[in-house]
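Inspection log for the structure reproduced underneath, given as structure tokens.
We're numbering straight along the sequence, starting at 1.
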Amino acid sequence: MLRHFPKAGVAYSHRKRDYFIAGFTFFCVAICLLSDATAGIEKQNALGVCGWVFLIGLLLGENKEIRVQVAIAVAFATIGEHFASPFMGGYTYRYHNVPAYVPPGHGMVYLTAVALARSGLFQTYAREIAAFVVLVCGAWSFWGISGLSEQGDWVGALLFVVFLIYLFKGRSPMVYLAAFFITTWLELIGTAVGTWKWASIDPVLHLPQGNPPSGVAAWYCLVDAVALGGAPRVLAFAKTLGGRWRARADKRAWQGASSE
């Protein structure tokens with residue numbers, strides 16, 4: 001079950017950049033969501049511009065593979081947002097839209113999960129962090145179906161099971177663990193201040209769900225999995241296209257030289 005976890009007893013190095021990305025994103029998420037709680041569309045758009053500037057700035061220090069992963073995460077998550085919110089009504093933003101800051105925000109959230117996953121802290125204490133997350137999220141899910149909560153959360157319990165599958169069967173468990181912290185942070189703040197609200201009954205499963213669902217990190221893990229799995233394919237495709245383009249350019253140059 002732990003074959004994809006980092007090896008225990010190894011002295012992993014700490015990079016200040018990883019902790020800066022995480023701290024900066026946690027701070028920006030809080031400020032953005034608190035600001036949006038009473039913001040108009042114009043302010044939402046301004047927050048979106050800031051989000052893109054911050055995301056691009058953070059990506060300047062990353063390699064090509066991470067940049068492609070972030071691009072895939074942004075594209076996939078944005079499509080998912082429009083499907084799940086305005087179309088399906090699984091959750092609803094204040095203006096029944098997808099705010100402009102959401103796409104770059106997904107990029108920053110994904111990059112934070114990657115940064116924390118590779119950090120010395122998560123690499124060194126992977127098993128302890130996993131135990132903490134499973135216990136906390138498990139207790140949260142049990143509370144949601146115990147009858148003690150004001151709003152039942154059977155969807156959250158199902159998502160928690162899905163999250164466990166990602167965590168113990170997936171190839172990138174540290175990314176999923178890190179995703180739990182940043183996504184729980186943003187979901188608790190966003191729903192608390194009314195930036196968005198989850199439907200009390202899931203429109204697909206027709207089961208009660210919390211606001212937010214306890215296992216909501218599983219949805220973000222899906223975004224992470226698509227980004228991690230899609231990046232190598234995109235890079236390989238781009239490399240193939242680049243090779244063909246160079247071959248054609250060389251052929252045209254040779255034919256031009258021959259005609260002269």
Side-chain angles (χ1 to χ4, degrees), residues 1-34 50-74 77 104-138 140 163-164 166-189 216-232 235:
M1 290 180 66
L2 303 180
R3 64 183 182 276
H4 295 301
F5 275 61
K7 294 181 179 180
V10 177
Y12 294 97
S13 60
H14 298 269
R15 293 201 314 162
K16 293 181 180 179
R17 173 178 173 78
D18 294 333
Y19 302 116
F20 171 78
I21 291 174
F24 183 72
T25 301
F26 271 83
F27 175 77
C28 287
V29 163
I31 296 300
C32 178
L33 297 181
L34 290 172
C50 292
W52 283 113
V53 171
F54 294 157
L55 176 59
I56 293 171
L58 292 175
L59 288 176
L60 292 177
E62 298 294 330
N63 60 36
K64 183 186 298 185
E65 184 173 2
I66 296 298
R67 293 174 184 173
V68 172
Q69 289 176 13
V70 170
I72 294 173
V74 169
H106 272 292
M108 292 179 68
V109 167
Y110 176 78
L111 183 58
T112 294
V114 171
L116 283 177
R118 70 192 181 194
S119 69
L121 177 65
F122 271 62
Q123 293 287 313
T124 302
Y125 299 102
R127 288 155 182 77
E128 292 83 354
I129 293 173
F132 172 80
V133 169
V134 171
L135 287 174
V136 170
C137 197
W140 185 4
F163 176 75
L164 291 180
Y166 275 112
L167 182 58
F168 294 114
K169 294 295 185 180
R171 294 181 178 273
S172 305
M174 303 313 299
V175 174
Y176 305 136
L177 278 178
F180 170 81
F181 288 95
I182 182 60
T183 58
T184 300
W185 172 258
L186 70 88
E187 284 287 346
L188 290 177
I189 295 176
V216 67
W219 290 123
Y220 294 89
C221 288
L222 174 60
V223 174
D224 297 349
V226 170
L228 290 166
L235 289 171

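How far SG of Cys137 is from CG of Leu167: 10.0 Å, rounded to the nearest 0.5 Å. Atom OG1 in Thr25 sits 13.5 Å away from atom OH in Tyr110 (nearest 0.5 Å). Atom OH in Tyr12 sits 11.5 Å away from atom OG in Ser119 (nearest 0.5 Å). Arg67 contributes atom CZ, which lies 11.0 Å from atom CG of Leu111 (distance to the nearest 0.5 angstrom). With values rounded to the nearest 0.5 angstrom, Cys28 atom SG is found 11.0 Å from Leu55 atom CG. Taking CG from Leu228 and CG from Asp224, the interatomic distance works out to 6.5 Å, rounded to the nearest 0.5 Å.
Looking at heavy atoms from C-beta onward, Tyr220 lies in side-chain contact with Glu187 at the 4.5 angstrom threshold. Looking only at side-chain heavy atoms (C-beta outward), Arg17 and Arg118 come within less than 4.5 Å of each other. Using a 4.5 Å heavy-atom cutoff, the side chains of Ile72 and Gln69 are not in contact. Put simply, the side chain of Val134 does not reach to within 4.5 Å of the side chain of Phe180, judged on heavy atoms. The shortest side-chain heavy-atom distance between His4 and Phe168 does not fall under the 4.5 Å cut-off. Side-chain atoms of Val74 and Trp52, non-hydrogen and from C-beta on, do get closer than 4.5 Å to each other. Looking at Asn63 and Ile66, their side chains come closer than 4.5 Å, going by heavy atoms from C-beta outward.
Judged by distance alone, with hydrogens and angles left aside, the side-chain atoms of Gln123 form a donor-acceptor pair with the main-chain N or O of Ala117 at under 3.5 Å. Side-chain atoms of Tyr19 come within 3.5 Å of backbone N or O of Leu121 as a donor-acceptor pair. For the pair Arg127 (side chain) and Pro6 (backbone), a donor-acceptor distance under 3.5 Å is present.
With sequence neighbours excluded, no residue forms a salt bridge (charged side-chain N to carboxylate O under 4.0 Å, His left out) with Arg171. In this structure Arg15 satisfies the salt bridge (charged side-chain N to carboxylate O under 4.0 Å, His left out) test together with Asp18, sequence neighbours excluded. With sequence neighbours left out, the ring-ring contact (aromatic ring centres under 6.0 Å, His included) criterion links Phe24 to Phe20, Phe54.
For OH of Tyr125, the number of neighbouring non-hydrogen atoms (other residues, nucleotides, ligands) closer than 6.0 Å is 12 at most. For Trp140, the CH2 atom is densely surrounded, since the number of other residues' heavy atoms within 6.0 Å is greater than 12.
Closest heavy-atom contact between Ala178 and Leu116: CB-CB, 3.6 Å. Pairing each heavy atom of Val70 with each of Gly107, the nearest pair is CG1-CA, 3.9 Å. Thr124 and Val10 get closest at one heavy-atom pair: OG1-O, 4.5 Å.
Evaluated for a ring pair (Phe, Tyr, Trp, His ring centres under 6.0 Å) with Tyr176, the options Phe122, Tyr166, Phe181 yield exactly one hit, Tyr166.
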